[in-house]
**Q** 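I have a structure here, written as structure tokens, and I will follow up with some questions on it.
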Amino acid sequence: MTDNKHDRDHVVGNVDITRRTFLHKSLLTGGAVATGSAVGVFQTLSSMEIASAAMSEPFSFAWVSDTHLYPRELNQRFIDKTVRAFSEVQAMGDKFDFMVFGGDLAQLGHPVEIELGAELLQEVTIPKHFIPGEHDWYLDLGESWNKHFGETPWTFDHKGVRIIGVDSVGRAPDYWSARGMSNEERMAHMSGLDGSQAGPWSGLGSEQRQWLSSTLSDWPKDAPVIIFSHTPFYEYYPPWNFWIRDWREVQEILAPWQNVTNIHGHVHQPLYNEIGGMRSIGMLATSWPWPYAPEGVPALTRPMLRVDPGDHFDGVGWSNLTMNAEAHMEVEYMMWREQVFGVGRADSGTGDNVNQKLSPRISDRGWTGD
Amino acid sequence: MQSFKSKGLIALISALLCVSLAFVFMVNRASAHKVSHDADTLKAFNDAFMEQVILGDELFHGATMEGINMSNTGMACAMCHPFSSDVHPHEYPKFQEQMSEFATLRDMINWCIEKPNEGEIIDPDGEAMKALEAYIYWSNRGSVLDPGRH
Ligand SMILES: [Fe+2]
Ligand SMILES: [Fe+2]
């Protein structure tokens with residue numbers, strides 16, 4: 001499907017679209033039932049079926065996120081994978097109206113990392129839109145990010161869809177000043193998924209929520225909306241900072257619109273959830289995959305197949321998304337392997353963890369700021 | 001890597017460890033299990049364990065120690081295994097698909113050091129390995145023992 005040089009090693013030549021593509025309608029024919037927990041699929045999906053007004057003109061776009069670039073000397077792998085994603089997007093460029101970069105371009109928010117990312121991004125010449133991730137932000141509180149990629153939130157209308165990009169990372173309650181943390185320490189505590197110091201950092205915050213309501217206020221309730229955010233718009237396993245703290249308020253704002261699609265990064269894994277008229281879809285990282293949380297994985301999610309840690313191109317990739325003629329979002333995970341989703345319990349990232357109980361870490365709890 | 005405070009912490013842990021091990025050693029060696037344990041003794045045992053857990057937690061989250069180099073990619077174990085999830089200590093020993101052989105948890109710790117981390121494997125009976133094992137078991141405590149499971 002793409003003909004670029006990086007494909008040779010890792011993509012099986014004749015890609016089976018039905019295995020790689022996740023259409024909402026395919027769930028109705030039983031695709032999701034493999035998890036054994038897809039109770040409520042029909043009901044929720046049928047409510048989504050009637051919701052949407054038809055589209056004037058379908059379109060596609062690409063999503064890349066979570067490249068987590070280190071300085072060049074330290075880690076070549078993440079660069080290789082970023083380059084591969086961008087050149088694959090570029091090779092399919094005719095198909096895409098734009099690309100979204102969904103945050104976590106850098107690993108520790110260092111200007112060198114962000115500049116490296118900006119340089120690699122030049123490979124992609126179709127229009128690009130950017131939202132930040134927490135790894136881009138907490139060294140200099142967004143200074144380098146905003147300088148290169150502009151401020152968030154933003155909005156534009158495209159072929160009958162209102163498209164919105166929000167900042168769900170940069171408005172954390174201040175956990176650093178009172179503890180006298182340096183900028184590097186602030187970033188280090190933010191950068192671990194399982195840290196205990198940064199608290200519930202993800203959120204839109206009241207100012208941005210207000211912006212969101214007023215941005216949507218003139219938009220017909222049955223017309224489609226796509227919202228890009230770094231983190232998902234619901235509560236998914238708070239101990240790992242996978243969630244957004246003001247999800248209740250955000251969901252309330254979005255509730256009147258019947259066809260909202262929230263595309264998010266940050267979780268480094270396929271996720272799918274529906275809440276009222278909103279569907280939330282989790283994208284792959286290019287850098288590394290995360291295991292599914294021990295609890296709270298939405299029942300509608302088709303978990304991905306276990307990852308081989310010996311192959312750093314495994315379990316990662318980018319996404320090819322299409323708003324189709326029925327105003328439904330189709331997601332094709334451009335994962336650099338043949339099979340994306342697990343089938344049996346022993347294959348999936350969630351099913352085999354039934355015996356696993358986890359505890360929060362302790363060594364960063366008693367940190368006093370010395 | 002979260003190593004900004006790690007060197008001092010590790011020195012402290014090592015010091016505490018020596019003291020408490022010495023305590024446990026002196027108090028109990030001759031009389032192990034011959035009289036019942038008082039609260040202080042049990043606390044000393046637990047402290048000796050928790051110090052290893054904390055050291056292991058630090059190593060797992062990217063700190064380093066004299067003489068070892070567990071990563072050359074900038075990545076720490078915790079970046080792929082938050083709370084040490086998906087490490088499955090309760091499933092060992094088992095046939096390990098990645099190695100195509102019957103393996104222990106320690107074998108697989110070293111395999112992940114060598115492959116995803118591109119680091120140098122550590123002494124399977126050394127201090128760092130025991131600490132990693134302590135942290136991994138501690139954070140998975142309560143999991144159902146299920147050896148051999150894939
Ligand atoms: Fe990320
Ligand atoms: Fe993130």
Side-chain angles (χ1 to χ4, degrees), chain A residues 68-71 73-78 107-108 181-182 184-185 187-189 191-195 197 237 239-242 268 287-294 306-312 314-315 346-347 349 352-370, chain B residues 1-6 8-10 13 50-51 53-63 71-91 97-99 108 111-112 114-118 135-147 149-150:
Chain A
H68 289 268
L69 294 165
Y70 286 96
E73 329 63 83
L74 189 56
N75 184 312
Q76 185 60 39
R77 283 182 178 181
F78 287 1
Q107 170 61 10
L108 293 174
M181 289 183 193
S182 68
E184 287 74 19
E185 286 164 348
M187 182 68 243
H189 280 293
S191 70
L193 187 67
D194 60 354
Q197 293 295 307
Y237 202 57
W240 281 358
N241 281 320
F242 264 170
H268 300 201
S287 52
W288 76 86
W290 261 327
Y292 285 98
R306 275 167 186 271
V307 172
D308 175 6
D311 172 5
H312 60 275
D314 196 29
D347 290 329
D352 70 316
N353 277 341
V354 287
N355 287 337
Q356 177 182 260
K357 296 257 177 328
L358 299 174
S359 291
R361 66 180 300 213
I362 46 166
S363 86
D364 73 338
R365 273 189 223 168
W367 197 76
T368 53
D370 52 340
Chain B
M1 298 242 279
Q2 298 171 324
S3 54
F4 54 90
K5 51 156 185 169
S6 300
L9 190 80
I10 286 179
I13 289 168
M50 286 313 290
E51 279 149 17
V53 170
I54 289 173
L55 175 59
D57 178 333
E58 288 287 310
L59 293 170
F60 198 84
H61 285 78
S71 176
N72 280 315
T73 60
M75 291 197 83
C77 314
M79 286 168 68
C80 297
H81 297 292
F83 290 177
S84 155
S85 60
D86 256 12
V87 172
H88 307 140
H90 50 288
E91 296 181 356
E97 196 175 350
Q98 287 91 351
M99 302 178 192
M108 194 55 195
W111 189 91
C112 256
E114 207 176 11
K115 305 287 179 189
N117 277 6
E118 294 178 12
Y135 172 66
I136 289 168
Y137 275 113
W138 177 84
S139 28
N140 280 270
R141 70 196 189 288
S143 297
V144 180
L145 200 57
D146 197 5
R149 184 190 183 88
H150 173 71

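Each chain gets a letter, A, B and so on, in the order its sequence line appears, and its residues count up from 1. Note: hydrogens, waters and symmetry copies are ignored here, and every other heavy atom, side chains too, is used.
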**Q** Judged by atom type as modelled, is there a donor-acceptor pair below 3.5 Å linking the side chain of B:D57 to the main-chain atoms of A:R361?
**A** no
**Q** Taking C-beta and beyond as the side chain, do A:S363 and B:Y135 meet within less than 4.5 Å on heavy atoms?
**A** no
**Q** If you define the side chain from C-beta out and look only at heavy atoms, does anything of B:E97 sit under 4.5 Å from A:R306?
**A** no
**Q** Given heavy-atom pairs under 4.5 angstrom as the criterion, report whether the side chain, backbone, both or neither of B:F60 touches chain A.
**A** neither
**Q** Does A:R77 form a side chain to side chain contact (heavy atoms under 4.5 Å, CB included) with B:E118? I'd like the steps, not just the answer.
**A** CA-CA 11 Å; A:R77 283 182 178 181; B:E118 294 178 12; 2.6 Å; yes
**Q** Given side chains that start at C-beta, do those of A:H312 and B:M75 come closer than 4.5 Å, heavy atoms only?
**A** no
**Q** With distance as the sole test, does A:W290 use its side chain to make a donor-acceptor pair with the main-chain N or O of B:H81 at under 3.5 Å?
**A** no
**Q** Between A:P294 and chain B, which part of the residue has a heavy atom less than 4.5 Å away: side chain, backbone, both or neither?
**A** neither
**Q** Under the 3.5 angstrom rule, does the side chain of A:N75 hit a backbone N or O of B:T73 as a donor-acceptor pair?
**A** yes
**Q** What I'd like to find out is whether the side chain of B:S84 reaches to under 4.5 Å of the side chain of A:S359, using heavy atoms alone.
**A** no
**Q** So, for A:Y70 and B:G74, which heavy atoms are closest and what is the spacing to 0.1 Å?
**A** OH-O, 2.8 Å
**Q** Distance from A:Q76 atom CD to B:N72 atom CG, nearest 0.5 Å?
**A** 14.0 Å
**Q** Side chain of B:Q98, backbone of A:D308: donor and acceptor closer than 3.5 Å?
**A** no
**Q** Out of curiosity, B:H90 NE2 to A:Q356 CD, how far, rounded to the nearest 0.5 Å?
**A** 6.0 Å
**Q** Examine whether an atom of B:W111 lies under 4.5 Å from a heavy atom of chain A, and if so say whether it belongs to the side chain, the backbone or both; otherwise answer neither.
**A** side chain
**Q** Looking at every heavy atom in both A:L193 and B:P82, which two are closest together, and how far apart are they?
**A** CD2-CG, 3.7 Å
**Q** What is the distance from atom CZ of B:R141 to atom CG of A:L358, rounded to the nearest 0.5 Å?
**A** 10.5 Å
**Q** Which atoms form the tightest heavy-atom contact between A:P309 and B:C112, and what is the distance?
**A** CB-SG, 4.4 Å
